[in-house]
Engineer: 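Encoded as structure tokens, here's the structure I'll be asking about.
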There are 2 protein chains.
Amino acid sequence: MPATSTGAAGGARRPGTRSRGAGGAATSAAPRQRQRERSDATVEDLLTAARALFATDGYGATSLDAVCERAGVTKGALYHHFTGKRELFSGVYAREQEALAAAISAAYLKVADRPWEALFEGSRAYLEASIDPEVQRITLFDAPGALGWEAMRTLGFDCRELTFRGVARAIRKGAIPARPADPLTSMLYGGLSESAMAIARAEDPQAALAETLDELRRLFDAIAGS
Amino acid sequence: MPATSTGAAGGARRPGTRSRGAGGAATSAAPRQRQRERSDATVEDLLTAARALFATDGYGATSLDAVCERAGVTKGALYHHFTGKRELFSGVYAREQEALAAAISAAYLKVADRPWEALFEGSRAYLEASIDPEVQRITLFDAPGALGWEAMRTLGFDCRELTFRGVARAIRKGAIPARPADPLTSMLYGGLSESAMAIARAEDPQAALAETLDELRRLFDAIAGS
DNA sequence: ACAGTCACATACCTTCGGTATGTATGTTCC
DNA sequence: GGAACATACATACCGAAGGTATGTGACTGT
């Protein structure tokens, strides 16, 4: 044990001054609640910091030291809550997927009684949300290489699964000609993802988005009426 | 300059024993040809070794030391021919794209007089070639994160560009209803890429491929007849 | 209040991408 | 044909970054 007591005397030092929770009022209100809140707050800070850096610098160029510094924590905290860089990114990715899935579901449910139209609206929502370069960097560029196919699909509620359900339901309800749902799901989901990337890199993203939605409309009409 | 003469006396040591070319016959046959051949051979070895490791272990998990060892060279050689890991991967990626593009073109040209059918055949070729997990790991999983969008599209003859040309030509020739070519290109190319990944992970890849080609047929027919 | 656990902080190790430098093999020019 | 130069590497080293071992104070059940 070289150089034990570092610097000044003991006590919780700089990185963060962890002391969340609503003041120090009722200590007996919640038995083991304090530690949970502290943990949750730290995890929240780590995920927020990581999401910001991953989104702008990318997975490879983001160092855990930078994440910890931004979160006001040290690597001890990070490795206490995550097994490593992969799982940290995994957490960020899961949140991103959750947000996308929420947007898709909300759009879908507005016209859920018309299955095919509902899938179109869900697709539109996914496309519009996925245009954000930060979202793209995480979910479309870095996630495949960092997490792999299996992890991407098993993590939280992924959008591909949502798309599959929408396609399957449209088929079941007879909104489009009968067929296996998987192939069409892949074509639709992959097409939308690639479209989002292309739109974000276009000279005029707004125009590109409009053109893409037009094409999507044509495709949906063509599929339904064949 | 610490520890100058390392180990035994000088002389070209183990890593490779570079001595390509057709023997040492006519020395005056080609003026500056020997070095070129040597360089080309080294680059070839590096790209081959890198492709093997990148394909199986992925970009992040592949170390340059491992690549050099497999190629029978040291890092001095690698950094003489490439600026770094990115460019090495870039070279591997470019070759992969070239091979895919060649397969697409060959299939397309067989029925080039029917633009829409030709694009279908090109799509089929891309799909079948992209099912290989090694190809996928390089071109679909790691390339986006490692190279980014711009580099992927400007590197060599990329398949998306080929798809675009096929779509644009089909529109120009009136094989499908008029529309901007870019959105449909994205939907098609992205859909095929995602489909390839799904097929490779399916329980029965052959059956999944057949179903996907059926769906592709339906989609092409629907688009043409709308 | 005391023992045990949790949530971190500190210090260290190892791997790996990248660089600086040395050197043998061509290549060119006189 | 040999000196001068360029090319194609090999060797040795550096710094950054992911990961680990260990210590310590705050929190918690008894």
Side-chain angles (χ1 to χ4, degrees), chain A residues 1-21 24 27-28 30-43 45-46 59-69 71-89, chain B residues 1-21 24 27-28 30-43 45-46 59-69 71-89:
Chain A
M1 61 293 281
T4 311
S5 64
T6 318
R13 281 179 219 58
R14 270 157 297 97
T17 321
R18 301 281 134 187
S19 64
R20 311 285 175 140
T27 36
S28 64
R32 53 161 65 150
Q33 208 60 17
R34 295 288 294 227
Q35 297 233 70
R36 276 295 302 266
E37 287 177 9
R38 201 160 83 111
S39 278
D40 291 351
T42 300
V43 170
D45 290 349
L46 280 168
Y59 179 77
T62 298
S63 78
L64 297 183
D65 287 326
V67 172
C68 291
E69 186 185 347
V73 196
T74 64
K75 287 166 73 167
L78 197 160
Y79 278 92
H80 180 72
H81 293 289
F82 300 92
T83 65
K85 192 178 186 182
R86 294 271 284 272
E87 197 184 284
L88 177 64
F89 180 79
Chain B
M1 57 296 279
T4 312
S5 63
T6 318
R13 284 179 216 55
R14 270 158 299 97
T17 322
R18 302 278 135 188
S19 64
R20 310 287 176 138
T27 36
S28 64
R32 54 161 66 148
Q33 207 60 18
R34 295 287 296 228
Q35 296 233 70
R36 277 295 302 266
E37 286 179 9
R38 200 161 84 111
S39 279
D40 291 352
T42 300
V43 170
D45 290 349
L46 280 169
Y59 180 78
T62 298
S63 77
L64 297 183
D65 287 327
V67 172
C68 290
E69 186 185 347
V73 196
T74 64
K75 287 166 73 168
L78 197 160
Y79 277 92
H80 180 71
H81 292 289
F82 300 92
T83 64
K85 192 179 187 182
R86 294 271 284 272
E87 195 182 286
L88 176 64
F89 180 79

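These numbers come from the heavy atoms of this one structure, side chains and all, not from hydrogens, waters or symmetry mates. Note on naming: letters A, B, ... go to the chains in the order of the sequence lines (proteins, then strands), and numbering restarts at 1 for each one.
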Engineer: For A:Glu69 and D:dA17, give me the distance from atom CD to atom P, rounded to whole Å.
Structural biologist: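 After rounding, the reported distance stands at 11 Å.
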Engineer: Could you state the atom-to-atom distance from CZ of A:Phe82 to C1' of C:dA7 in whole Å?
Structural biologist: 14 Å
Engineer: By side chain to side chain contact (heavy atoms under 4.5 Å, CB included), which residues pair with A:Glu87, not counting sequence neighbours?
Structural biologist: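 A:Glu87 satisfies side chain to side chain contact (heavy atoms under 4.5 Å, CB included) with A:Phe82, A:Thr83 once adjacent residues are dropped.
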Engineer: Figure out the CD/P separation between A:Gln33 and D:dT28, and round it to whole Å.
Structural biologist: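 Value for this atom pair: 9 Å.
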Engineer: Between A:Asp45 (CG) and C:dA7 (C1'), how many Å, whole number?
Structural biologist: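 To the nearest whole Å, that distance equals 14 Å.
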Engineer: Using a cut-off of less than 4.0 Å, is there contact between a side-chain N or O of A:Thr42 and OP1 or OP2 of C:dC8?
Structural biologist: yes
Engineer: Looking at CG of B:Asp45 and NE2 of B:His81, how far apart are the two atoms once the value is rounded to the nearest 0.5 Å?
Structural biologist: 10.0 Å
Engineer: Polar atoms only, N or O, under 3.5 Å: list the protein pairs with nucleotides 17-20 of chain C and their distances.
Structural biologist:
| from | atom 1 | to | atom 2 | distance (Å) |
| --- | --- | --- | --- | --- |
| C:dG17 | OP1 | B:Thr62 | O | 3.2 |
| C:dG17 | OP1 | B:Lys85 | NZ | 3.0 |
| C:dG17 | OP2 | B:Leu64 | N | 2.8 |
| C:dG17 | N7 | B:Lys75 | NZ | 3.1 |
| C:dG18 | OP2 | B:Tyr79 | OH | 2.9 |
| C:dG18 | OP2 | B:Lys85 | N | 3.0 |
| C:dG18 | O5' | B:Tyr79 | OH | 3.4 |
| C:dG18 | N7 | B:Lys75 | NZ | 3.0 |
| C:dG18 | O6 | B:Lys75 | NZ | 2.8 |

Engineer: Quick check for you: to the nearest 0.5 Å, what is the distance between A:Gln35 atom CD and A:Glu37 atom CD?
Structural biologist: 11.0 Å
Engineer: Under the rule for side chain to side chain contact (heavy atoms under 4.5 Å, CB included), what residues qualify as partners of A:Thr62, not counting sequence neighbours?
Structural biologist: A:Leu53, A:Phe54, A:Asp57, A:Val67
Engineer: Give the rounded distance in Å between these two atoms: CD of A:Glu37 and P of D:dC27.
Structural biologist: 12 Å
Engineer: I need the CD-C1' distance between A:Glu87 and D:dG18, as an integer number of Å.
Structural biologist: 15 Å
Engineer: Please collect all salt bridge (Lys or Arg N to Asp or Glu O under 4.0 Å) contacts where either partner lies in residues 76-85 of chain B, sequence neighbours excluded, each pair once.
Structural biologist: none
Engineer: What nitrogen or oxygen pairs link the protein and nucleotides 1-7 of chain D at under 3.5 Å?
Structural biologist:
| from | atom 1 | to | atom 2 | distance (Å) |
| --- | --- | --- | --- | --- |
| D:dT7 | O4' | B:Gln35 | NE2 | 3.4 |

Engineer: Sequence neighbours excluded, which residues qualify as side chain to side chain contact (heavy atoms under 4.5 Å, CB included) partners of B:Asp65?
Structural biologist: B:Ser63, B:Lys75
Engineer: When the distance from CG of A:Leu78 to P of C:dC8 is rounded to whole Å, what number comes out?
Structural biologist: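 Atom CG in A:Leu78 sits about 11 Å away from atom P in C:dC8.
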Engineer: If you compare all heavy atoms of B:Leu78 against all heavy atoms of B:Cys68, which two are closest, and at what distance to 0.1 Å?
Structural biologist: CD1-SG, 3.5 Å
